[in-house]
Every structure is written in structure tokens, then in C-alpha cells.
J.: 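Pasting a structure here, questions to come.
To find a chain, count down the sequence lines: A is the first, B the second, and so on, and within it residues start at 1.
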Protein chains: 2
Amino acid sequence: MRRNMGVYADLRERLIAGYGDLSPQLQKAARYMLDHPDDVALKSMRSLARAADIQPSAIVRLMKTIGLESYQDFRLGYQNRLRDLPASYAGRAWQLQHRSAGEDHSEDALLGEIARQETDNLLRSFGPEARRAMRSACEYLEQARRVFVVGRRGAWPAAFQFAYACRLFRDDVTLLEGVAGTFGDELRGLGRKDVVLAVGFAPYTSETVKVTEFAAAQGAAIIAVTDSDVAPIAVQAAVTIVIADGSPSFFQSFTAAVSVLQALVALLVARGGEGALQQIASAEEQLAVFDTYWQDAGIKRNSRS
Amino acid sequence: MRRNMGVYADLRERLIAGYGDLSPQLQKAARYMLDHPDDVALKSMRSLARAADIQPSAIVRLMKTIGLESYQDFRLGYQNRLRDLPASYAGRAWQLQHRSAGEDHSEDALLGEIARQETDNLLRSFGPEARRAMRSACEYLEQARRVFVVGRRGAWPAAFQFAYACRLFRDDVTLLEGVAGTFGDELRGLGRKDVVLAVGFAPYTSETVKVTEFAAAQGAAIIAVTDSDVAPIAVQAAVTIVIADGSPSFFQSFTAAVSVLQALVALLVARGGEGALQQIASAEEQLAVFDTYWQDAGIKRNSRS
DNA sequence: AGTTTAATGAAACATTTGTTGTGAAAATAG
DNA sequence: CTATTTTCACAACAAATGTTTCATTAAACT
């Protein structure tokens, strides 16, 4: 049991240690195997290659370069790991509250409880009512002249995430940032055809509340992403998406909010069809121009020893 | 995941239920499979037959007598039990349960698929390896002189969320914002006793990669929150927390990253004990001074439309 | 530049895989 | 006992598997 874990860890270690010296294709292979250990154990070499988008031969070559006789040996290590795993992980998450073995119990229990709560939040937040609200929100967003997104403090990540993703395929989305005390300035000209998407959870920041009040006064449609149908930012909203934010710690969880807003973007893109996809493609090109992303100059391939 | 366990349990149930009426050879087969579920998942049919000392054909016949099309279906159920990844079965079933009757089906299917993927990502990202990494990361964070948090573009929300929560109970956490092109300036004076927490997923922003390279050169400990053990920002890291970011749309999902970083904060607070709680309490008081939060002056009771 | 070296994709290889037939053996019934 | 059905081992099959080979491409070196 311990021994098997050791074999697996050793194999993994070999992949990581040698990674830098591998050829691009072999890196791709190694990387997929590191990221999907279960696939190694359960799939065949060929279907693994298919999943990793490489040639079967690349796997064999990888095995030899990290000093193994055959792929089968390698897979055996991964299979044994799976055998010794406490149980299915899914099952484990469920029963984690009751069972425990070895190591520090209290911390692992806390993490288990968090994981449980988070999945719970997710499932709740993707319930039928929320879905209906999301679809409704989509329609407002599509027909909006401009979209303003607001979220302060804890809700900021979710708001940012939404605006960031949206701007990849439409240019009429504004995130209220409020740098240097300019908050609210971006709202100038807000009108009847505009949409304000407000994200906020208790305790609600006064800024966000004010924005919704202002938006309502201007006749703009409000989409509220919040924790209650009667949240102050929801009372005047056209659409309210209620998110579960339960957490074992005293800090509320914004995970589900991020997830739902991501999903909202996905919905918008799906509806946008071909046009949206092209926009995204050109956005990517533009980013390449700015040299935004790191080019794999081959994770420094050390001079061969 | 619930459903997934259900598939396995169902198959097992079929074997047991039909057991009495089976022919001796088929009983032998069924018995072996009941006693060695792992073998079913990992071995081939032929080697399973060899291990059980029966003919391969007996297995096929057993499948048909318990009402299955093929052995491969059967094995799939067993494999999914072992897998971290709750399989397509689970997803389908979950969708069936939660579908809102009628309405547009394709959009609902998309949302269902997203929800499934997200919970999946969460469970993976709270797996045993990740938990170990999180605990290890905690120790580095606790002993750090200063903590620098970096995350650009898509990873920004997660980085922000972490830094924001941390600042509620410690004042030595700096988020690299890089307003007005000042990115990197905040790192001045980075040294051996400091910790850099870098969040980033493929495609990795060059800024984040550069920060980790700089940090490594300065001898600071790096905590990488990323999608692979061999991500460019992970290669020099002291701790790597691997997050699942699978998504049905082509945007990767940052949900799990946000969640894990939230959990990391919870862990830190749990370890910090009473002291941390007091810090938080005083932070809240301070916020009240600035009138940050909306005071419930009696939810304006509009005539509900 | 040209030459050597390494890396890659695709085809070919011998096994092994899951599955289906067939006829001998065993069990059951008349 | 024979007749009939069920059970089973074994051979046969196409499809898929793990591995090797080889020509072609890309990189490194002089």
C-alpha cells in the first residue's frame, strides 16, 4: 500500500524531473499524464495518446527516455495507486465527515467540509430557478445598448471575471472600477436601453446599492447576482440570479458566483454563434501582438548531459 | 457522483440477485468479480478470466444473462467508481434529475454540462494531492516575512480574492496590481524570507512567468496555483497546487481556483486561531468607520411589480 | 552555405483484446 | 435407456493494443 504509492510517486517524479530535457512532443505527453493520472491507469495507450493529442509512439519514446522498459510497467504503477486509493474520490468526499484515518484530522476535515459545501453551493446555484433567471438575463444582455458591471470587495472577482470574458467578444461592456475615487463616473450617460449587472452579497457595499438605485432611477434594467431575492440590490432588478454562498468558515463563498457568471458568458457566446467566435479569435490575435502570453521557448531544455 | 456510485451498485446488485440461478461457471465468474472489483476495472477481460480461472466466454455470457449488452459497459461502471472523474453517466443522470421540464433544451443541456464540469473540477481540485499541497503552502505562508500575490487576466479574480481575504487578518500581503504600467515595482526588496503566490493557467501570461523567475532568482519561495505540475510557473515552485480547469466552453474555468484559494485562507485562519479572529473583528470595525457597507434602513418597500 | 543530428508522423508488426460460433460433454427429462 | 436441453471449452474472428521501423522534417552545428 505504502510501497505502491511510492512507485507512483517515483514515476511522477521522473516525469517532472526530466520534463525540462524532453522534446516538445514528449513534454506534451508527460504533461497530460501528470495532469490525468486516472487516464493512464484506465485507458489504453492508444486512447491515451488520442486524448493527449499525440502519437502512440511518443508515449513509448517517453518511457524509454525516463528510463523505463515499457509503457506497461509504467501503467502498472498508476493502476496500483488507484487500487490503494481509499475509495472512489467521489464517495470519499461524501463520507469524509464520518471517516478519517491517519494524518492531521482536523485540517483535512475542514478541507473536506469546504469541498462539500462548495459543490453543494454549485448545485444549488445551477438549480432550475437560477437557470431560468440566467436565460432571462441573457436576453437583457443581448439587447442592451451598453452593459455596466459592478461588484465591490468580495464580489469584485466575480464582476471582473464576467466583464473580462465578455470583452473578448463585445466591446460595449464596462466594468466599474472606481480607481482613485472615480467610482460612478463611468455611469455617466446611463439610460433606458442600458443594462447594469450588479454582483453583491451580504453585507452589501453601499456603493453597489447606490449604483442599482441610480440605475433604477435612470430606467436601466438591472440584473442582480446576489444571495437573496430581497437583497437591496435585487429589489428593483429586472432579473435576480440567486446564488448560494454557504461556507464553513465565516467568510462567505464567492465560488458559485464566479461559476454562474462564467456560465452566463458561455450562454451568451453560444447564442452569439459564429460572430462571437470570430470576435474571440481576433481578440486572441490582438493579445499575441501585445506579447501578452508566454511563448513556450521549450521550458529551458538544459544542455543534454 | 451520487449517480455514478449508483451505477456500480446497480451492477453489483444484478450480480447478486441473479447469482442463485446462474450455472456453476457463471457463478464462479460472478463471485470473482464481486470479490475483486478493482480487477474488473483495471484488467482486461481475458486476464480477468485467467485470474478467476474461467473461460473468457463465460464472462460475456454472464453479461448477457444479467441483462447487459457488453462487458465493456460493465467495466465502465467499475472504472468510473475508481475514477476521480465522475463519468458521463453521472452527468446524464444529473441532467435528467434537474432538467426543468419543457423549455429550451439545448441551452439547459449546456448549463447542465457546465454544472457537472464545475463540480467535477472542484472535487478534483480538492483531491488528496492538492490537500497535501495546500497544507504545505500554509506553512510557507505562515513563516513568510511578506507575501506577494500575482495573477493576471483570467487568474486575476482568484489572486485578488486571496489577497483581499488575507488582508483581513494580516497586513503583510501585497497584491501585484501593476496599475499604469508599474507592474513589478511592488516586488522591490523581495528576498529569501518572502513568499510569492502565483496563480496562472495556460496560456500563461508572460508577466506572471517573469515574476516567478525573478522570485526564484531572489531566493524567495514560490507557491504555484496552476493547472499542471510542469507549468512554467510551477517548475521552480516550492509548492504546486494543481487545479482542474476543465470547461465545456473554450474558456477555461477559474471556479476551482477561486475555491481552493478561499479554502487556503480558511486554513490559515484556522491555524492562526484566536489572534486571526481578533484581527478580522477589528478590520470589520474599521470598515464600519468608512461606511463601506449598506445599512439596512428598512428595505425600501416598493410596491412590488 | 552544407552536414550531421535529433525529433516527428505514419505505417507495419506481432499480440492481445472482446466477442461469436461450434461441437463435445453434462445435466435433465421422458 | 434415449432424447433433449443446457453448459462449457476451444477455436476463430475482426478490432484494438503495445511496440518497432523507417522515411521525412526540423534543429543544431561547422
J.: Run the numbers on A:Arg81 and B:Glu129 for salt bridge (charged side-chain N to carboxylate O under 4.0 Å, His left out), then give the verdict.
T.: CA-CA 12 Å; A:Arg81 159 181 169 269; B:Glu129 295 92 352; 3.4 Å; yes
J.: Check the distance between D:dC8's C1' and B:Ile54's CD1 and give it to me in whole angstrom.
T.: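 From B:Ile54 CD1 to D:dC8 C1': 12 Å.
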J.: Starting at atom CG of A:Leu62, determine the distance to atom P of C:dT8, rounded to an integer number of angstrom.
T.: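 To the nearest whole Å, that distance equals 11 Å.
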J.: So, are A:Asp10 and A:Arg14 salt-bridged, with charged N and O less than 4.0 Å apart?
T.: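 Between A:Arg14 and A:Asp10 there is a salt bridge, with a charged N closer than 4.0 Å to a carboxylate O.
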J.: A:Gln27 has an atom CD; how far is it from atom P of C:dA7, in whole Å?
T.: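 The distance from CD of A:Gln27 to P of C:dA7 comes to 11 Å, rounded to the nearest Å.
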J.: Rounded to whole angstrom units, what separation is found between the CZ atom of A:Arg50 and the P atom of C:dG9?
T.: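 Interatomic distance, CZ of A:Arg50 to P of C:dG9: 16 Å.
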J.: Evaluate the ring planes of A:Phe74 and A:Tyr78, with Trp represented by its six-membered ring, and classify them as parallel (under 30°), tilted (30 to 60°) or perpendicular (over 60°).
T.: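 Tilted, since the angle between the ring planes falls between 30° and 60°.
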J.: Does the distance from a Lys or Arg side-chain N to an Asp or Glu carboxylate O, for B:Arg124 and B:Asp245, drop under 4.0 Å?
T.: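 Looking at B:Arg124 and B:Asp245, the cut-off is not met.
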J.: Do A:Arg31 and B:Asp227 sit within salt-bridge range, that is, some charged N less than 4.0 Å from a carboxylate O?
T.: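 Judged by the 4.0 Å cut-off on N to carboxylate O distance, A:Arg31 and B:Asp227 do form a salt bridge.
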J.: Take the protein atom CD1 of B:Ile59 and the nucleotide atom P of D:dA9, then report the distance between them rounded to whole Å.
T.: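 The answer, rounded to whole Å, is 12 Å.
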J.: Roughly how many Å is it from CG in A:Leu26 to P in C:dA6, rounded to a whole number?
T.: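 Rounded to whole Å, this separation is 14 Å.
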J.: Return the minimal non-hydrogen interatomic distance between B:Ala263 and B:Met134, and the atom names on each side.
T.: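 Taking B:Ala263 first and B:Met134 second, the nearest heavy atoms are CB-CE, 3.5 Å.
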J.: Starting from P on D:dA16, measure out to CG on A:Leu48 and report it in whole angstrom.
T.: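 That distance rounds to 17 Å.
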J.: What string of B, S and - do you get for nucleotides 18-29 of chain D, 5' to 3', when a contact is any protein heavy atom under 4.0 Å?
T.: BBBB--------
J.: Rounded to the nearest Å, what distance is computed from the CZ atom of residue B:Phe74 to the P atom of nucleotide C:dG18?
T.: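 Checked: the CZ to P distance equals 13 Å.
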J.: For a quick check of understanding: with a heavy-atom distance under 4.0 Å over all strands, which category does A:Gln25 fall into, base, sugar-phosphate or nothing?
T.: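 Sugar-phosphate, backbone atoms only, no base.
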